[in-house]
Every structure is written in structure tokens, then in C-alpha cells.
J.: 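Please see the structure below; I have some questions.
No hydrogens, no waters, no symmetry mates; every other heavy atom, side chains included, goes into these values. Every chain is numbered from 1 and lettered A, B, ... according to where its sequence line falls, protein lines coming before strand lines.
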Amino acid sequence: MSFSQNQSINNSKRLAQSVAFTIFKLLSFLVVAILIVILGFILVNGASVISWEFLTEMPKEGMTAGGIFPAIVGTLCLVAGSMLFAFPIGVLSGIYINEYSKDGWFKRFIKLMTNNLAGIPSIVFGLFGMALFVNRFGFGDSILAGSLTLGLLALPVVIRTTEESLKAIDKSFRIGSLALGATKWQTTSRVVLPMAFPNIITGLILSVGRVSGETAPILFTVAAYFLPKLPTSIFDQVMALPYHLYVISTSGTNIEASRSMAYGTAFILILIVLIVNLLANWLRRYFSKKVKMQ
Amino acid sequence: MNSIETKDVHLYYGDFHALKGISMAMKKNQVTAFIGPSGCGKSTYLRCFNRMNDLIDGVRIEGEILIDEVDINNKNILVDDLRKHVGMVFQKPNPFPKSIFENVAYGLRVNGTKDKTLIEERVEKSLRQAALWEEVKDKLKKSAFELSGGQQQRLCIARALAIEPSVLLMDEPASALDPISTAKIEELIYELKENYTIVIVTHNMQQAGRVSDSTAFFYLGELVEYAKTKTLFTSPKDQRTQNYITGRFG
Amino acid sequence: MKRYFHNFGERVIEGVLTISGTVTSLTVLLIVFFLFKEGLGIFNQSPVAEGSAIVVNNQNPVKELSAKELKEIFDQNITNWKQVGGQDAPIKLFRIDDITDYYTEEQIGKDFEYLPQRLSEVVAKEPTIVAFFPEQYLAKDFQGHRINLENISVSEFLGGTEWYPTIQPAVQMGVLPLILGTLWVSLGAILIALPLGLATSIYLAEIADKRVRNLLKPVIELLAGIPSVVYGFFGLVVIVPLIQDLFGLPVGETALAGSIILGIMALPTIISVSEDAMRTTPRAMKEASLALGATKWQTIYKVVVPYSMSGISTAAILGIGRAIGETMAVLMVTGNASVIPHTFLAPVRTIPATIAAELGEAPQGGMHYQALFALGCILFLMTLIINLSVDFVSAKRKANR
Ligand SMILES: Nc1ncnc2c1ncn2[C@@H]1O[C@H](COP(=O)(O)OP(=O)(O)OP(=O)(O)O)[C@@H](O)[C@H]1O
Ligand SMILES: [Mg+2]
């Protein structure tokens, strides 16, 4: 028997493969190219706008000049507020699901609901936040209402990361601790959580990125169109970067004149995402190196 | 005096009847070995003594288990107190990702000991008992993961000893170790029985012969034969024991 | 004592954890409650703007009109009573401002004190009139009868083709164009994203070497991290003008622009979910195929892709879900015209964009507000269906293995 019997079939098989692989490769690089174009376009156009004044001054002249300081401060407030809410509850909830709850309908129900919450569109969170926090609780358009709304949005993300980080920890550590007479909570807090911490923190950082860019949930719960002063309490309205970008690029007093402001704002938003991703990647690598050393 | 005594213990994993009416007593300051083919219920039975089976959903236990004459399934027994009293060493060494010192101190800390000097004393004492002190005394702050497998297992023994249990349960403690480490562990068991009641599960018949005073042979969830180790290995009464120790199945 | 305290502490902690564990479930239930409570209020309400009256002459046999008919009448698309079941007579429209055609300012009164009387007279005088004015000017002994509008029904709401939630004299609350607009844009998005995403995931899972993969993965993660408003902005300043020039359109804000942006936004989801699915293909299965002389490519499309089909469908469903719920980017690039879509080169309006654009102006508790919440309900149900089908597909996948 000779290997060259089906030379022509073999050749066409090879050809099909190399054509297919080339197409896939090109399409994959197209995806990368899209990202590079978007990032490049905004970073190049935005970079020239960025200056100390842009970052630290109030908007001026119908938001066609000046800076975006109040929007930066507003976004920081909202991120801090929402994380203050979502992080503890999310981590505790993740601990409950992975460490405490027994298999059964209740656990299944909670997991199903968490999944569903993760799938609800952000505008629906906006509606809900408006109905409950702004109107029913009477918080009005405020940092409080906006942070709670954003916090609910981030909750499933935090829960899932916590759950996954805990799941990755081998059972033997828990059993070892329990066998020494540690209680469940001692085991969780002294052995399991410290081990899961790096992954949890990475997830937290990524959800900060997500929250800082969300617009729809804050439209009706906190965001101010133009408010050239800083908040003094959690019941104040604030400007926020994503909403500011939306406003000045679609409905500002003079869209053309505020275009450069818009590029600058988009630049800052992208910068936040880049920093958050780099930080998360760096942490991941840092901690995994540490584990390897052990 | 009996350190552990069980009366007609049945255990079910859901519908599966894993232990079928086991009654036996283990003497204080003696080493008792459990042998038997894989899946016969040795580990399950061992885990009854510190109620580790509580952690598995759907487990049901019947019968009485007495440790130092106290019924451990009594409602008034707090399971963490029980586990302080009954230490356990696992098949695979499972140190915590903490320093060597903190691994040994862990049991003390979770049980409320705050006194620093007491903890230091106790850590040193346990490490010496576990024959590890000389090897680690200069690197107590180093991560426990930097130790070899055999050292890690001795560390886990030290960790169990630090809370001064009266019973020490060992589930195949040497099966993941090289011969030299195994020999060290066996030596250690011999020394420890002065102060502890030791129950060890092993697949290694020679090991059972070397370290134990009594041996129990389990088969399909039943206790087939329980006797002085010498007697059991030289003149087993039951045909199944005979078959197992001569290597005809298992 | 200490022991009991200890035990008590454990109980407290367990309680706190349990409560935290139920927060998400509680939130979902609350969301459902509030959405539907506000949203369902829209039904069985008269579509006539609150505080307004619509009246005709006493002789006129027409007693009821639908909101749609009324709008057509006032838009002068319906001009004869015959068309709405009356006599053959042209319809005479009357708005409150038209009163000056009949009476002088003195006759109406300085503070409109005679206005109710005058309105009554006009309606009595004109047999073919239909008049629309504020209810407060309806005289006690009014000479004419009020037209009842049929209440807004579920079928009208879902099947209506006109969305004019604030117009006079009767609001038009037909959400069909919005639903179809949402689906249309999402369909376009998935048509763009699925081939691109699948190709990329195949490349990443099976073809690319580790180095390239490690380079591409973070890039795709980054794509997922960019805020939707930035995508919207990019679409607005780059894609929209491009489409306008390319197709020579009057405006570039089109369904196509929305689909392109949404497609890009759905890519990371589709890529990572389907790549994960392909990675679970057992090595032995692939090796068996290769050992039979199949090329790598044949192995991919005959073994790997069929094996991970349910994962790929999950990816597609999740991608659609992402597109359906997306708000800001769509709001910024699709032009927001509430017409039933028939081409990708015209503006459309989606449900999320409608809510985002209009909720700010809708007075709390009013009909418009309620209608927007009802839209929220529809959106919620759409995503619920998506979530449940994802659960269903992945449960089936688990069962099959
Ligand atoms: N968590 C569990 N759930 C259900 N069945 C279990 C569980 N753990 C053990 N079993 C079953 O109980 C029986 C006894 O298991 P056990 O682990 O006690 O065996 P063993 O004698 O220790 O075996 P080995 O020598 O392999 O360690 C086995 O048939 C096993 O399948
Ligand atoms: Mg075992």
C-alpha cells in the first residue's frame, strides 16, 4: 500500500484547511483591528484635549469649554457608593451560596434569581431605581439613589466572582480546619477567604470598571445635566462621566463646539477601563506568582 | 479503659447502607489499625469518631458512639469541642497556605488561646513530638508549602497534636509518602501512643503489623474480625480475613 | 457560658449570610413588582389626555371612537362621519382656540367666565362638529354629548402601530414598532456578530498557538469593558457619517448603525462563551478523528463544532440578550423614529432607547410614565425568556453528558 494513493483528495483537504484557517485568522484579527480602531480613534482625538484644567475645572460656556471636574467627582462618588453596597452584600451572598447553603430548592432558586438579575438590562434597573429609591423612598435624584441602583446592577457580578473564587479552593483545606475544632465561620474567615481573596479582589476591580461606565441606570436616579458644583451630601445630584459624554455628544447647547470636550470625556472613560483591566491582570499575575512560589 | 466504643453503628449515605451494625471498642493508649478492601467503609467509620460525616449531605447514623464514655451524638455535644478532643490526620497532607508556625498555632487560635508564650511553647512542643522541630526551627515563618510531602504530613500531625487531643485518627497517613517519610511516620506513631489513643486506616498490611496493637478487618460495611494484631495476622478466624491478608482479593 | 456565646455568634453570622443570600432574589421580586405595578396601570384607562373632553352634537349618532380614529380625525385623514359609523357628512374639527372664530373676546369674557356657555352653544349649533377642550370648560347643562374613547387594551397596546405617547387629543400607545425595532436591530447585530465571533472563537480554541491566544484574550476582555456610551459616541462620530456617505442617505442614524455597534458589543460574550464550550470537547474525541486521517479543519467542523453546538447556541442567545437590552449606544445611533422597520437603512427606535429618551419628561404616575414602565415589563419579559432558554440549553447540555 502506498501513501500517495489519494494524492488529489489529500491535496484538496489540505487546501480547504488552509483556506479556512486563513479566513478564521483574518476574522480574528479583524476583531482586534476593531478594538484598536475604537481605542486609537478616541485616544488620539482625546489626548490633545486632556490637560490639568480639563481635569480640574468646572464646565464653562454651555459645556463647550472648561473641564469635567464635577463629572469625575460624581463618578467617583457613584463608584464608591455602589461598591460600598454591592461588595459586602455580594461577598456575603457568595459565601452563603458556596459555603453555607445546602443543596436543594432554596439554593437553586437563589442561583436562578442571581442569574436572572445579571441578565436584566441596565435600563430596567434605571426604571426600578426611579420607582423605588427616587419616588417610593423619597431619596429624589441623589447619589444615594444612583449608588443603590448601580450597586444592585453590580451585585450579581460580585456574587459570581466570589462564588467562583470560593469554589476553586480545595475542600481539604476546609476539612483540615474543621477537624481541628474550628467552627464553620472560623474556617471560612481564616482559611477559605484569605485564599480566595486575590480572585475576589480582581473581580471587584473589574466590576468597578463596569459600574463607572454605566449610563442607563443613573439617567433617572442621580445624573445631572449641568451642575457646576461638587456634592455636599448623599442626597445631592451629581454629574457623571458617562452621562456627561452622552449629553454633550447628543443634546448639548452646541454639539459641534463641545465635540472636543466629548473626546476628552470618552478618553477618560477609556482610560478608566484600561487602568482597571491592567490592574486586574497585574494582580492576577502577581498573586499567581506568589502561589507558585509557595 | 476504652477510649472509643461503638454499639451497633449503622450509617447510610442516602439509600446506600455503608456501615452495617459495627460494635467494637478501642483501648486507651493503644494503636488500632483498620484494614479491608477499598470501599469497605474504613474511612466512613473513622469519620464517625469526630463527626466529619456531618459535612456530607444525606448521611444518617444509627447506634451509639462513645468517646471517653460520652455519647458524641448527644445534642449537648458541640461538634467543634468534640473535634478538639479527637484529632485527625488525612491521607494527603493538607497544610494551610500559612506559615509553618501559624499552621500549628491555628488550632489553638480558633479555640480561643491568646497567650503568646503559651502558643509558642505549644507549637515547639508539637513540632518536637512530630519529629519535625529540628528540620524547621529556623524557618518557622516560611510558608508550609515549602516543605516536602513527608514534612508536610508531619506538620499536619503536629497541627493535630497542638490542641492536645486524646484521640488521634489517621486515614492512610503514609499512603502519599516515600518509604523514608513513611518510616518516620511509623516511628512517630509508636512514640505517640504513650499519650494518645490512635486509630489508623491503612492498606499496607506490613504497616498494620508494625505499628498496631489491635487490628480490625472490614468487608462490605461489616466488621469481620477484630483481634490482637499478631493473632489476626497469624491465625485469622474468618475465611474472608484469611483471603484478604494472604492477598487473594482486595 | 462562653461556649453558648460562641455558638450564638455562629448563628448570628449564618443569619446575616442567609439574609445577604436572599438580596438578589428579593431584588428580582421587587423589580417585577414595581415594573408591573406601574406598567399595568396603563390598561383600562381612557387614552384621552387627562382633564380633557371630546364632545359632538347631540344629533350625532357616533357615541364611541377609538384612539386611533380620533387621531386620524384630528390629523384630517378621516374627514367624513361615514368613515367612523356616522352619517354621510364632513367632519368639522374644533379646538379650543377656534372659539375666536365664533365669538369676540367680550362675549367669551375677560377671565373666560362665559367660555363654557359659548362652547355649549357652538356644539349645539354645528351638527357635524367634534370639539376638543379642557374638561373645566364643560358647562353643567352642556348641549351635546361626550364621546367615550375605548380604554387602552392589551391587544391595542401590543398591536398598535403608532407610538405618540403625548399627543392631543388622544395619546397613541402602540408599541409594535418599538418591539419590532428592538428585534430588528438585535437581529442585525447577531448577523454581524455571530460569524465574526464564531470564527474568532474557533481560531482561539483550536488554531491559534498559545502566544497569540494570550495576546488576543485580553484584547477581547477589553472590548467587553468599554462603556456602552463610548461605543455610542464612536458610532455617532464614525459609523453614522460613514453610513450616510456610503449609501447616500439623508441621515446616517439607521438600524444598520445600531446593528454594527451592537454587533461589536456582543462579540466578547459570543467569543468567550463559545470558546469555553469548544474547549470542553474531549481530547480523545478529537484525537480519534485525527487518527482516522481527518485534517484539523475537518475535525473542527465535524467533531468540535457539533459537540459544542449547545454552547454555541447559548452564546448566540446571550448575544441577542445583550443586544436587546442595550440602551445608550442604540439611543445615540439609531435615529429613534418609531416606525415599523422594513430596511436597515432607515432610523428605528428600540424599547430601551424609548424609555431612556422619554422617562425624563414623563410626569410621575401619569399615563406616559405608566406606558414606559409597561415597556419595561415587555423588555423584562424578553430578557427573562432569554435567560430561561439559556438555563434550559445548558441544563440540557449537562444532561446529555
Ligand atoms: N460522600 C459519600 N456519598 C455517598 N457514598 C459514599 C460517600 N463516601 C463514601 N461512600 C461510599 O461508602 C462506601 C465506603 O466508603 P469509604 O470511603 O468509607 O471506603 P474506604 O474503606 O475508606 O475505602 P478506601 O480504602 O478506598 O479509602 C463506599 O462504597 C463509598 O462508595
Ligand atoms: Mg478511605
J.: With a distance cut-off below 6.0 Å to the six-membered ring centre and an angular limit of 45° from the axis, does B/R159 pair with B/F96 as a cation-pi contact?
T.: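 Yes; both conditions hold, so B/R159 lies above the ring face of B/F96.
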
J.: With a 4.5 Å limit on heavy-atom distance, are the side chains of A/L166 and A/L193 in contact?
T.: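 A side-chain contact under 4.5 Å exists here.
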
J.: Is any side-chain N of the basic residue among B/K28 and B/D68 closer than 4.0 Å to the acidic one's carboxylate O?
T.: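 Judged by the 4.0 Å cut-off on N to carboxylate O distance, B/K28 and B/D68 do form a salt bridge.
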
J.: What residue, out of B/R109, B/K84, B/R51, has the most heavy-atom pairs lying under 4.5 Å from chain A?
T.: B/R109

J.: B/R154 pairs by salt bridge (Lys or Arg N to Asp or Glu O under 4.0 Å) with which of B/E134, B/E135, B/E186?
T.: B/E135

J.: Is it the backbone or the side chain of B/V86 that comes under 4.5 Å from a heavy atom of chain A, or both, or neither?
T.: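 Just the backbone, heavy atoms under 4.5 Å.
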
J.: I'd like to know which of B/K98, B/M88, B/M52 tops the heavy-atom pair count under 4.5 Å against chain A.
T.: B/M52

J.: Using non-hydrogen atoms only, which part of B/K142 is less than 4.5 Å away from chain A: side chain, backbone, both, or neither?
T.: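 Answer is neither: B/K142 stays 4.5 Å or more from chain A.
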
J.: Could you check which of A/A182, A/S172, A/G181 has the highest count of heavy-atom pairs closer than 4.5 Å to chain B?
T.: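 Ranked by heavy-atom pairs under 4.5 Å with chain B, first place is A/G181.
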
J.: Counting heavy-atom pairs under 4.5 Å with chain B, which one of A/D103, A/D170, A/I175 comes out on top?
T.: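 Ranked by contacts with chain B, first place is A/I175.
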
J.: Can you list the steps and then say if A/R210 with A/E214 is a salt bridge (Lys or Arg N to Asp or Glu O under 4.0 Å)?
T.: CA-CA 7 Å; A/R210 164 115 200 253; A/E214 277 294 343; 3.4 Å; yes

J.: Under a 4.5 Å cutoff for heavy-atom pairs, which residue among A/R174, A/R190, A/K102 has the most contacts with chain B?
T.: A/R190

J.: Relative to chain A, which segment of B/P165 carries a heavy atom at a distance below 4.5 Å: side chain, backbone, both, or neither?
T.: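 Answer is neither: B/P165 stays 4.5 Å or more from chain A.
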
J.: Would you mind checking if B/K139 and B/E146 are paired as a salt bridge, meaning a charged N to carboxylate O distance below 4.0 Å?
T.: no

